[in-house]
Amino acid sequence: GAGVSQSPRYKVAKRGQDVALRCDPISGHVSLFWYQQALGQGPEFLTYFQNEAQLDKSGLPSDRFFAERPEGSVSTLKIQRTQQEDSAVYLCASSLGVFKYFGPGTRLTVT
Amino acid sequence: KQEVTQIPAALSVPEGENLVLNCSFTDSAIYNLQWFRQDPGKGLTSLLLIQSSQREQTSGRLNASLDKSSGRSTLYIAASQPGDSATYLCAVFGQLTFGSGTQLTVLP
């Protein structure tokens with residue numbers, strides 16, 4: 001595709017449910033990033049992949065958060081046993097060089 | 001830990017006005033700084049990227065400056081238009097540390 005796509009665009013989950021958020025980066029982009037953006041705040045870094053290798057996961061807030069990119073293209077961010085504080089927009093970005101290209105995000109609401 | 005602050009949090013101006021958005025960061029050892037635009041319900045669009053060795057970058061009506069020694073960057077928007085209404089975010093490169101943004105409204 002022409003840009004980074006994310007699915008679903010909106011997700012409502014009941015507290016305690018597991019969710020999986022998908023990111024399709026721009027074809028050929030080596031680097032992939034996940035960010036979490038709370039309402040009224042700037043995005044905060046979660047994790048970074050270079051191809052299939054997860055090089056930095058220092059921003060993941062707890063062990064309930066898990067990300068993978070098994071074939072170096074599509075990535076999935078999984079949140080287990082969701083809690084209300086997980087409600088946010090989850091943004092994915094990919095890059096080949098310095099510029100990062102962001103997807104539209106997935107808005108997660110935990111009720 | 002790098003901290004990025006943007007002031008003001010919100011700004012409303014009449015159409016045609018020139019304006020300046022401010023961004024400050026605590027660690028001057030940055031690699032580069034990037035300004036983004038975010039429209040409601042959409043992702044971030046990169047506007048300008050300034051390498052650490054540069055002092056400014058220009059694109060159309062936008063001009064971004066960088067002063068590493070004082071830990072500041074500004075985004076200048078000339079002749080603002082209603083279509084410029086959005087949230088503007090600055091981010092310091094590495095994994096990108098973002099400010100919380102300035103929500104700009106340009107009134108027709």
Side-chain angles (χ1 to χ4, degrees), chain A residues 1-11 21-26 29-50 54-61 67 88-109, chain B residues 1-11 21-27 30-54 57 59 62 64 66 73 75 86-105:
Chain A
V4 179
S5 61
Q6 293 186 244
S7 60
R9 290 293 313 279
Y10 303 91
K11 177 70 178 177
L21 313 181
R22 177 187 169 108
C23 173
D24 284 81
I26 294 172
H29 278 197
V30 170
S31 300
L32 186 145
F33 304 80
W34 283 98
Y35 294 85
Q36 180 190 57
Q37 185 174 22
L39 189 64
Q41 301 296 316
E44 293 199 0
F45 170 77
L46 293 176
T47 187
Y48 159 57
F49 290 86
Q50 187 167 321
Q54 189 175 20
L55 298 186
D56 187 345
K57 54 182 181 179
S58 62
L60 296 177
V89 174
Y90 291 85
L91 295 165
C92 173
S94 69
S95 72
L96 190 57
V98 177
F99 277 98
K100 290 180 173 64
Y101 297 85
F102 281 80
T106 294
R107 180 177 296 278
L108 173 65
T109 303
Chain B
K1 179 187 172 186
Q2 179 75 267
E3 292 184 6
V4 180
T5 304
Q6 291 187 247
I7 295 173
L11 180 64
L21 307 181
N22 297 294
C23 172
S24 61
F25 46 93
T26 55
D27 185 350
I30 64 171
Y31 185 59
N32 62 46
L33 184 145
Q34 204 163 353
W35 282 93
F36 292 87
R37 168 185 174 138
Q38 187 172 32
D39 293 281
K42 297 188 178 180
L44 281 68
T45 301
S46 180
L47 298 173
L48 290 163
L49 183 147
I50 311 177
Q51 303 279 9
S52 62
S53 58
Q54 299 173 318
Q57 279 286 331
S59 177
L62 306 179
L66 175 63
S73 176
L75 178 67
T87 296
Y88 291 81
L89 295 150
C90 71
V92 174
F93 193 77
Q95 310 300 22
L96 287 186
T97 301
F98 282 86
S100 53
T102 295
Q103 186 173 353
L104 173 66
T105 302

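What you are looking at is a predicted structure, and each value in this text was computed from that prediction instead of being measured. Residue numbers start from 1 in every chain, and the chains themselves are labelled A, B, ... in the order their sequence lines are given, proteins ahead of strands.
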For a 4.5 angstrom cut-off between non-hydrogen side-chain atoms, does Y35(A) reach F98(B)? yes

Inspect the surroundings of CD in Q54(A) and state if more than 12 heavy atoms from other residues, nucleotides or ligands are less than 6.0 Å away. yes

For chain B, find which of G40(A), G103(A), G105(A) contributes the most heavy-atom pairs closer than 4.5 angstrom. G103(A)

Do L96(B) and P43(A) make a side-chain contact, defined as non-hydrogen atoms from C-beta onward lying under 4.5 Å apart? no

Quick check on E3(B): does its CD atom have over 12 non-hydrogen neighbours (other residues, nucleotides or ligands) under 6.0 Å away? no

Give the minimum heavy-atom separation between L89(B) and G42(A), together with the two atoms involved. CD2-CA, 4.0 Å

The side chain to side chain contact (heavy atoms under 4.5 Å, CB included) partners of A64(B) (sequence neighbours excluded) come to W35(B), L48(B), I50(B), L75(B)

Within the structure provided, determine whether T97(B) and F45(A) are in side-chain contact (heavy-atom separation under 4.5 Å). no

Residues which pass side chain to side chain contact (heavy atoms under 4.5 Å, CB included) with S5(A), listed by chain and number, not counting sequence neighbours: D24(A)

For the residue pair Q41(A) and S100(B), establish whether any side-chain heavy-atom pair is separated by less than 4.5 Å. yes

Counting C-beta onward and ignoring hydrogens, is there a side-chain heavy-atom pair between F102(A) and K42(B) closer than 4.5 Å? no

Toward chain B, the part of R107(A) with a non-hydrogen atom under 4.5 Å: neither

In short, Q34(B) meets F99(A) closest at the heavy-atom pair NE2-CD2, 3.4 Å

In this structure, are over 12 heavy atoms from other groups packed under 6.0 Å from Y101(A) atom OH? no

Crowded around Q57(B) CD? As in, over 12 foreign heavy atoms under 6.0 Å? yes

Find the distance between CD (Q38(B)) and CD (Q37(A)) and round it off to the nearest 0.5 Å. 4.0 Å

